[in-house]
Number of protein chains: 2
Amino acid sequence: MEEYVKILRKNGIKVTPQRLEILRFLDTHHTHPTADDIYNELKKKNPALSKTTVYNTIQSLKEHGLLISLAFSAHESRFDSVINNHHHLLCSECGNVIDIDIECPFTKRKAMGGHRIDEVHGYFRGVCKDCLGGK
Amino acid sequence: MEEYVKILRKNGIKVTPQRLEILRFLDTHHTHPTADDIYNELKKKNPALSKTTVYNTIQSLKEHGLLISLAFSAHESRFDSVINNHHHLLCSECGNVIDIDIECPFTKRKAMGGHRIDEVHGYFRGVCKDCLGGK
DNA sequence: CCACCAATTTGTAATCAGTACAATTTGGGA
DNA sequence: TCCCAAATTGTACTGATTACAAATTGGTGG
């Protein structure tokens with residue numbers, strides 16, 4: 001049985017072709033795509049795909065902890081299927097989001113100052129190595 | 001001369017009543033307001049205030065490093081006039097944003113893995129002390 | 001103190017990511 | 001294979017933010 005079918009079953013998510021394709025895309029493209037990126041890419045193979053389905057599936061995967069959403073800007077969300085903790089850099093030159101693997105002392109904390117901590121997101125803004133080098 | 005006039009002059013921002021009010025509001029209300037919060041509050045004193053002016057001023061203050069924007073969710077930005085580095089917790093119960101003062105080893109780093117770092121944002125999602133206590 | 005002009009403010013209209021909803025389709029258990 | 005709750009689709013809607021053009025204004029030079 002395909003790997004992604006197992007993942008969905010294990011999480012009690014009904015298996016559909018749309019969900020499999022979205023999960024596969026997120027798992028094989030760690031480019032931090034927007035919902036629109038996912039929609040446009042998968043529409044090539046399945047022209048009947050609805051944007052609502054993309055949003056519904058993202059919501060479902062998020063609720064089961066299979067993806068996280070990155071909220072760098074106020075007018076679009078980006079998504080990442082990875083669950084291992086890493087931080088993100090938004091390059092102000094090229095607009096790409098780059099993974100930053102650092103040892104953050106807070107990612108494993110479950111409480112802080114009396115508050116319960118469920119998620120830790122580290123966002124950096126700056127200029128990525130490639131854009132710096134090109135100057 | 002009023003403190004806020006000095007701040008604007010020092011940054012080469014033309015002084016207007018609207019800008020003074022917005023700067024004063026941000027400096028005296030560290031409640032992480034949205035643009036709409038600012039607009040609705042200041043509209044009480046100046047009914048002619050335009051929402052566009054609020055956005056323009058926010059943009060201008062941001063460019064001069066007088067405020068930072070927090071992008072917790074994809075459909076609204078929140079603003080904070082503070083420049084001293086601290087992180088933020090979004091409480092999933094009450095929706096408030098709470099300042100988290102922790103010693104983060106990355107806030108002073110200017111480079112990382114070859115990338116230039118301009119801003120460091122730490123976002124936590126969880127449940128705040130008050131909401132936990134109420135259970 | 002006044003006149004002027006570039007910058008600012010205002011209000012309306014447009015944009016665009018995301019959501020609501022109702023009709024159609026479908027996965028998968030009985 | 002049948003059936004129905006759940007999923008998908010497409011369209012309409014929402015709400016934060018931006019674009020734009022006309023009216024207003026801060027503040028510098030005279």
Side-chain angles (χ1 to χ4, degrees), chain A residues 1-2 4-23 25 32-43 45-64 66-79 95 97, chain B residues 1-2 4-23 25 32-43 45-64 67 69-79 95 97:
Chain A
M1 188 190 300
E2 194 189 6
Y4 302 114
V5 176
K6 285 187 204 157
I7 294 175
L8 292 180
R9 289 255 169 85
K10 193 195 307 177
N11 284 275
I13 303 173
K14 190 183 274 191
V15 176
T16 68
Q18 292 88 344
R19 286 173 174 173
L20 282 174
E21 285 305 315
I22 292 169
L23 182 57
F25 182 80
H32 314 92
T34 64
D36 227 51
D37 293 336
I38 299 168
Y39 172 71
N40 286 318
E41 187 61 33
L42 298 185
K43 203 173 171 56
K45 287 288 180 62
N46 172 16
L49 180 67
S50 164
K51 200 174 286 189
T52 305
T53 299
V54 174
Y55 281 105
N56 285 343
T57 300
I58 286 170
Q59 180 62 26
S60 178
L61 295 178
K62 200 193 297 188
E63 283 170 0
H64 288 84
L66 295 176
L67 75 78
I68 57 171
S69 60
L70 310 179
F72 265 108
S73 92
H75 85 273
E76 66 175 20
S77 289
R78 290 162 174 273
F79 303 98
V97 175
Chain B
M1 186 191 301
E2 194 190 3
Y4 301 114
V5 176
K6 286 188 204 158
I7 294 175
L8 292 180
R9 290 255 167 85
K10 192 195 307 176
N11 284 276
I13 302 173
K14 190 183 275 190
V15 177
T16 68
Q18 292 86 345
R19 286 173 175 173
L20 283 174
E21 285 304 315
I22 291 169
L23 182 57
F25 182 79
H32 316 92
T34 63
D36 225 52
D37 293 336
I38 299 168
Y39 171 71
N40 286 320
E41 188 60 32
L42 298 185
K43 204 173 172 53
K45 285 289 179 64
N46 172 15
L49 180 65
S50 164
K51 201 174 284 189
T52 304
T53 300
V54 175
Y55 280 106
N56 286 342
T57 300
I58 285 170
Q59 181 62 24
S60 179
L61 296 177
K62 200 194 294 186
E63 282 170 0
H64 289 85
L67 75 78
S69 60
L70 310 179
F72 264 109
S73 93
H75 85 271
E76 67 177 18
S77 289
R78 291 163 173 274
F79 302 98
V97 174

D:dA7 P sits how many Å from A:Lys14 NZ, rounded?
-> 6 Å

Can a side chain N or O of A:Arg19 be found less than 4.0 Å away from OP1 or OP2 on C:dG27?
-> no

Below 3.5 Å, does any donor atom in the side chain of B:Thr34 face an acceptor in the base of D:dA16, or the other way round?
-> no

Determine the contact category for A:Thr16: base if any of its heavy atoms lies under 4.0 Å from a base atom, sugar-phosphate if only primed atoms, P, OP1 or OP2 are that close, otherwise nothing.
-> sugar-phosphate

Which of these nucleotides, C:dC21, D:dT17, C:dT10, is closest to any side-chain atom of B:Ala35?
-> D:dT17

When B:Gln59 and A:Thr57 are each assigned the nearest nucleotide of DNA chain D, the 5'-most assignment goes to A:Thr57

Along DNA chain D (nearest heavy atom to each residue), the more 5'-positioned of B:Asn56 and A:Pro47 = A:Pro47

Indicate, with a heavy-atom threshold strictly under 4.0 Å, whether A:Pro17 touches base, sugar-phosphate, or nothing.
-> sugar-phosphate

Calculate the interatomic distance between A:Lys51 atom NZ and C:dA20 atom C1'; express it in whole Å.
-> 16 Å

Considering all heavy atoms, the nearest A:Leu49-A:Tyr39 contact = O-CE1, 3.4 Å

Below 4.0 angstrom from OP1 or OP2 of D:dT17, is there any side-chain N or O of B:Ser77?
-> yes

Side-chain donor-acceptor pair under 3.5 Å between B:Asp37 and B:Thr34, yes or no?
-> yes

How many Å lie between CG on B:Asn40 and P on D:dG15, as a whole number?
-> 14 Å

Are the side chains of B:Thr57 and B:Ile13 in touch, meaning some heavy atoms are under 4.5 Å apart?
-> no

Looking only at side-chain N and O atoms, does A:Ser50 come under 4.0 Å of OP1 or OP2 in D:dG10?
-> no

Out of D:dT11, C:dT12, C:dT9, which nucleotide sits closest to the side chain of B:Thr53?
-> C:dT9

Rounded off to whole Å, could you give me the CG-to-P distance for the A:Leu49 and D:dG10 pair?
-> 9 Å

Selected nucleotide, minimal atom distance to B:Arg9 side chain, candidates D:dA19, D:dA7, D:dG27 | D:dG27

Residue from B:Glu2, B:Arg19, B:His64 passing side chain to side chain contact (heavy atoms under 4.5 Å, CB included) with B:Leu8 | B:Arg19

Just how far, in rounded Å, is C1' of D:dC20 from OH of B:Tyr55?
-> 17 Å

For atom CG of A:Leu61 and atom C1' of D:dA7, their distance in whole Å | 14 Å

Per atom distances to the A:Thr52 side chain, the nearest of C:dG28, D:dT8, C:dC21 is C:dC21

Taking the side chain of A:Gln18 as heavy atoms from C-beta outward, which of C:dG28, D:dT9, D:dT17 is closest to it?
-> D:dT9

Rounded to the nearest Å, what distance is computed from the CD atom of residue B:Glu76 to the C1' atom of nucleotide D:dT18?
-> 17 Å

Any side-chain heavy-atom pair of B:Glu21 and B:Phe25 under 4.5 Å = no

Roughly how many Å is it from CG in A:Asp36 to P in C:dG18, rounded to a whole number?
-> 8 Å

Heavy-atom check, side chain of A:Ile58 versus side chain of A:Ile38, under 4.5 Å = yes

